[in-house]
Amino acid sequence: MLGRIDALRRAGVTCCLASNQQAHRAHYMSGRLGYRSVFDREFYSCRVGHAKPDAAYFEHVLVALRLPPEQALFI
């Protein structure tokens, strides 16, 4: 999967991580697992202030990325 993400980013596609996490887990994922360099942006629920599947979570991501919903794909 990491290879696919790298290929997408090299092709100009913005790739972000969207995850429900507690602060200590988000810190570990971002730093120790290196996700901060794998993804263009990271959206952890503990930092966003909302958790999936709450619509407010996805709205926050779209606003932060300055994207209309039809230009985003959540997998």
Side-chain angles (χ1 to χ4, degrees):
M1 193 68 193
L2 297 178
R4 298 274 188 205
I5 292 166
D6 182 56
L8 286 167
R9 289 180 73 199
R10 282 188 279 114
V13 176
T14 300
C15 295
C16 304
L17 175 66
S19 181
N20 288 344
Q21 292 298 334
Q22 299 168 336
H24 70 279
R25 296 177 112 186
H27 179 77
Y28 181 83
M29 291 170 68
S30 185
R32 297 280 292 196
L33 295 181
Y35 289 170
R36 74 171 55 120
S37 63
V38 172
F39 295 97
D40 295 297
R41 299 278 301 270
E42 299 166 276
F43 295 96
Y44 297 104
S45 59
C46 60
R47 297 177 187 158
V48 170
H50 304 283
K52 301 180 287 176
D54 188 335
Y57 178 91
F58 297 102
E59 290 168 9
H60 174 92
V61 173
L62 292 171
V63 169
L65 295 174
R66 298 185 184 135
L67 285 176
E70 62 273 10
Q71 290 186 2
L73 174 63
F74 287 94
I75 299 174

Side-chain polar contacts of residues 58-75 - donor-acceptor pairs under 3.5 angstrom, sequence neighbours left out - could you list them?
none

Check: Got a sec, which residues hit ring pair (Phe, Tyr, Trp, His ring centres under 6.0 Å) with Tyr57, two or more places apart in sequence or on another chain?
Finding: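 If we apply the ring pair (Phe, Tyr, Trp, His ring centres under 6.0 Å) test to Tyr57, skipping adjacent residues, there are no hits.
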Check: How would you list, by chain and number, every residue that makes a ring pair (Phe, Tyr, Trp, His ring centres under 6.0 Å) with Phe43, sequence neighbours excluded?
Finding: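 Ring pair (Phe, Tyr, Trp, His ring centres under 6.0 Å) list for Phe43, sorted by chain: empty.
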Margin query: Side-chain heavy atoms nearer than 4.5 Å, only ILVMFWY residues, links allowed to pass through others: does that put Met1 and Val13 together?
Written below: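 Not linked; separate clusters.
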Next item on the list: Quick one: closest heavy-atom pair of Val38 and Leu2, and the distance?
Entry: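 Looking at all heavy atoms of both residues, the closest pair is CG1-CD2, 3.7 Å.
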Check: Would the number of heavy atoms belonging to other residues, nucleotides or ligands and lying under 6.0 Å from CZ of Arg25 be above 12?
Finding: no
Partners meeting side chain to side chain contact (heavy atoms under 4.5 Å, CB included) with [X] (sequence neighbours left out):
| X | answer |
| --- | --- |
| Ser19 | Leu17, Gln21, Met29, Tyr44 |
| Asp6 | Arg10 |
| Ala51 | Asn20, Ser45 |

Notebook entry, point to check: If only atom types and distance count, is the side chain of Asp40 paired as donor or acceptor with the main-chain N or O of Cys16 below 3.5 Å?
Noted result: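 Judged by distance alone, no pair lies under 3.5 Å.
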Item checked: Spacing of Cys15 atom SG and Leu8 atom CG [to the nearest 0.5 Å] ->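 With rounding to 0.5 Å, SG (Cys15) is 4.5 Å from CG (Leu8).
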